[in-house]
**Student:** 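One structure, as structure tokens, below. Some questions next.
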Amino acid sequence: MSHPVHPGKTALVTGGASGIGLGIARVLLDAGLHVIVADVRADHLETARAALAEAGDRALFLSLDVGNRDDWQRARETVEERYGRLHILCLNAGVGLLGSMIDSDEADWMWSTIVNLAGVTNGVDALLPHMLAHGEPGHVIATSSMGGLIVANDGGIYSSAKFGVVALMEELRRALAGTSVSASVLCPAAVNTNIFDHVRMRPEAFAAKSVPDERMLEEAEAFARGILSHGRSPLEVGEMVRAAIAADAPYVFTDSAVRPTLAARYNALLASVGA
């Protein structure tokens with residue numbers, strides 16, 4: 001099947017105004033595509049507008065809350081009115097919510113699930129029928145995480161949604177076999193982004209029952225940034241995504257060093273099954 005990474009084609013990237021999303025958007029713009037940079041944060045959209053200014057009118061900046069189905073309907077209308085056809089859908093928006101499952105509350109589960117999982121299902125529901133209907137080569141790629149395959153000590157809430165993204169995209173790829181559209185899932189390890197600066201971005205509707213004091217918050221953010229600063233750059237990940245779409249790869253991993261950890265998990269599963 002031919003791939004859609006060609007000049008003049010159109011892509012939409014959620015969470016596209018910072019981090020991995022911005023890296024993907026820049027790479028696709030550099031490849032000559034039109035890119036709709038969608039994000040819920042107005043400040044990030046303004047920063048992205050400046051960062052991608054050289055792309056001119058090939059970059060369109062769109063306010064989009066991935067958990068809001070009305071926003072997705074408006075996104076589809078924007079695609080059809082402005083470009084006619086969408087070829088690449090990058091469902092990348094996510095929040096890094098870590099912490100004890102025992103101490104969590106309904107707002108923690110709702111926020112993580114709505115953004116990290118429903119943000120993907122809503123996008124597929126809104127735009128996959130359009131992509132299938134026009135019949136040109138298309139691709140849907142969703143950002144899960146290594147947390148979608150392995151659960152960290154404090155990552156139960158996050159991984160519950162991210163495991164769902166992996167399952168969704170694996171089945172979607174199977175369901176799309178033989179059509180003009182394919183699907184992949186991105187499972188990043190450490191990437192130099194703001195994914196864990198989540199407390200300051202948390203909507204009032206999903207306010208936490210307790211918020212750490214400013215000093216604790218700054219220390220946690222500094223710790224996360226320190227770890228992630230040693231990871232891949234968002235631009236490197238964007239190049240990996242472009243290459244994966246062109247090759248129609250089912251999975252995209254950003255770091256081969258995860259192989260032993262993956263092997264250990266699946267060996268443990270096989271050992272539990274028995275002979």
Side-chain angles (χ1 to χ4, degrees), residues 4-5 9-31 33-53 55-96 111-112 114-131 138-144 161 165 168-169 181 183-186 188 191 193-195 197-198 201 203 234-235 237-238 241-242 245:
V5 187
K9 301 300 183 182
T10 303
L12 187 151
V13 184
T14 67
S18 68
I20 290 174
L22 184 58
I24 295 171
R26 186 185 293 277
V27 167
L28 294 179
L29 286 166
D30 288 347
L33 282 76
H34 298 275
V35 178
I36 301 170
V37 179
D39 207 287
V40 71
R41 289 191 57 172
D43 56 339
H44 284 180
L45 284 168
E46 286 306 308
T47 301
R49 191 188 304 274
L52 302 176
D57 61 6
R58 285 192 300 108
L60 177 68
F61 300 88
L62 180 69
S63 177
L64 173 65
D65 176 351
V66 296
N68 186 313
R69 293 179 67 84
D70 290 338
D71 276 14
W72 274 111
Q73 180 58 39
R74 286 190 288 270
R76 175 170 176 162
E77 291 169 358
T78 297
V79 165
E80 294 176 342
E81 292 169 5
R82 178 76 176 259
Y83 302 104
R85 297 175 178 180
L86 183 73
H87 303 90
I88 297 174
L89 177 59
C90 296
L91 298 164
N92 168 76
V95 291
W111 188 40
S112 180
I114 286 173
V115 177
N116 291 328
L117 183 55
V120 176
T121 61
N122 287 344
V124 170
D125 188 51
L127 284 165
L128 180 59
H130 159 90
M131 296 171 72
H139 203 100
V140 181
I141 183 165
T143 302
S144 179
V165 173
L168 169 65
M169 299 311 290
V181 181
S184 304
V185 61
L186 168 63
V191 180
T193 72
N194 64 344
I195 182 64
D197 291 357
H198 60 275
M201 298 187 294
L235 199 58
V237 179
V241 168
R242 181 203 60 76
I245 295 172

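Everything numeric here is computed off the predicted structure, so don't read it as measured data.
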**Student:** On a heavy-atom basis, which atom in V5 and which in A31 lie closest, and how many Å separate them?
**Tutor:**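 Taking V5 first and A31 second, the nearest heavy atoms are CG1-CB, 4.3 Å.
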**Student:** I'd like to know whether L52 forms a side chain to side chain contact (heavy atoms under 4.5 Å, CB included) with V35, so could you lay out the CA-CA distance, the side-chain angles of the two residues, the decisive distance to 0.1 Å, and finally the verdict.
**Tutor:** CA-CA 10 Å; L52 302 176; V35 178; over 6 Å; no
**Student:** CG/D71 to CG/L62 distance, rounded to the nearest 0.5 angstrom?
**Tutor:**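 Between atom CG of D71 and atom CG of L62 there are 8.0 Å.
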**Student:** Minimum heavy-atom separation for N116 and A161, please, with both atom names.
**Tutor:**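 Shortest heavy-atom contact: CB-CB, 3.7 Å.
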**Student:** Starting at CG of D65, measure out to OG1 of T14 and round the result to the nearest 0.5 Å.
**Tutor:**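 D65 CG to T14 OG1: 11.0 Å, rounded to 0.5 Å.
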**Student:** Which pair of heavy atoms, one from A142 and one from V165, lies closest together, and at what distance?
**Tutor:**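 Nearest pair, atom of A142 first, then V165: CB-CG1, 3.9 Å.
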**Student:** State, to 0.1 Å, how close L12 and A75 come at their nearest heavy-atom pair, and which atoms those are.
**Tutor:**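 The pair with the smallest heavy-atom distance is CD1-CB, 4.4 Å.
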**Student:** Quick one: pull up CG in L117 and CG in L91 and give me the separation to the nearest 0.5 Å.
**Tutor:**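 L117 CG to L91 CG: 11.0 Å, rounded to 0.5 Å.
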**Student:** Between H44 and L22, does the side chain to side chain contact (heavy atoms under 4.5 Å, CB included) criterion hold? Intermediate values first, please.
**Tutor:** CA-CA 10 Å; H44 284 180; L22 184 58; over 6 Å; no
**Student:** Rounded to the nearest 0.5 Å, how far does NE2 of H34 lie from CG of D57?
**Tutor:**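 The NE2 atom of H34 is 7.5 Å from CG of D57, to the nearest 0.5 Å.
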**Student:** I'd like to know if the side chain of R58 and the backbone of L29 have a donor-acceptor N/O pair within less than 3.5 Å.
**Tutor:**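 Indeed, once roles are kept as given, a pair shorter than 3.5 Å links the two residues.
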**Student:** Taking side-chain hydrogen bond (donor to acceptor under 3.5 Å, both in side chains) as the test, write out the residues that go with D39, two or more places apart.
**Tutor:**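 Checked D39 against side-chain hydrogen bond (donor to acceptor under 3.5 Å, both in side chains); zero matches.
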**Student:** Using the test salt bridge (charged side-chain N to carboxylate O under 4.0 Å, His left out), find all partners of D125 that sit at least two apart in sequence or belong to another chain.
**Tutor:**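 Counting only residues at least two positions away or on another chain, D125 forms a salt bridge (charged side-chain N to carboxylate O under 4.0 Å, His left out) with R69.
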**Student:** Any chance you could lay out the side chain to side chain contact (heavy atoms under 4.5 Å, CB included) test for T10 and R85, step after step, and finish with the verdict?
**Tutor:** CA-CA 7 Å; T10 303; R85 297 175 178 180; over 6 Å; no
**Student:** Taking atom OH of Y83 and atom CD1 of I36, what is their separation to the nearest 0.5 Å?
**Tutor:**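 Going from OH on Y83 over to CD1 on I36, the span is 5.0 Å.
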**Student:** One pair to check against side chain to side chain contact (heavy atoms under 4.5 Å, CB included): I24 and I141. What are the steps and the verdict?
**Tutor:** CA-CA 11 Å; I24 295 171; I141 183 165; 6.0 Å; no
**Student:** Could you pull out all residues at least two apart from S144 that satisfy side-chain hydrogen bond (donor to acceptor under 3.5 Å, both in side chains)?
**Tutor:**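 S144 satisfies side-chain hydrogen bond (donor to acceptor under 3.5 Å, both in side chains) with no other residue.
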**Student:** Which value, rounded to the nearest 0.5 Å, describes the distance between T121 atom OG1 and L128 atom CG?
**Tutor:**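 That separation rounds to 12.5 Å.
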**Student:** Can you name the residues that form a salt bridge (charged side-chain N to carboxylate O under 4.0 Å, His left out) with R82, not counting sequence neighbours?
**Tutor:**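 So R82 forms no salt bridge (charged side-chain N to carboxylate O under 4.0 Å, His left out) with any residue.
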**Student:** Can you list everything that forms a salt bridge (charged side-chain N to carboxylate O under 4.0 Å, His left out) with D43? Sequence neighbours excluded, please.
**Tutor:**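 Per chain and number, D43 pairs via salt bridge (charged side-chain N to carboxylate O under 4.0 Å, His left out) with R41.
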**Student:** Closer than 3.5 angstrom, by distance alone: can the side chain of H139 be matched with the main-chain N or O of I88 as a donor-acceptor pair?
**Tutor:**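 Judged by distance alone, no pair lies under 3.5 Å.
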**Student:** R49: what forms a salt bridge (charged side-chain N to carboxylate O under 4.0 Å, His left out) with it, not counting sequence neighbours?
**Tutor:**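 For R49 the salt bridge (charged side-chain N to carboxylate O under 4.0 Å, His left out) partners, ignoring immediate neighbours, are E46.
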**Student:** Where do L64 and A38 come nearest, in terms of heavy atoms and distance?
**Tutor:**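 Nearest heavy atoms, L64 then A38: CD2-CB, 3.7 Å.
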**Student:** Work out which heavy atom in H130 is nearest to a heavy atom in G84; give both atom names and the distance.
**Tutor:**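 What the structure gives for the nearest pair is CE1-O, 3.3 Å.
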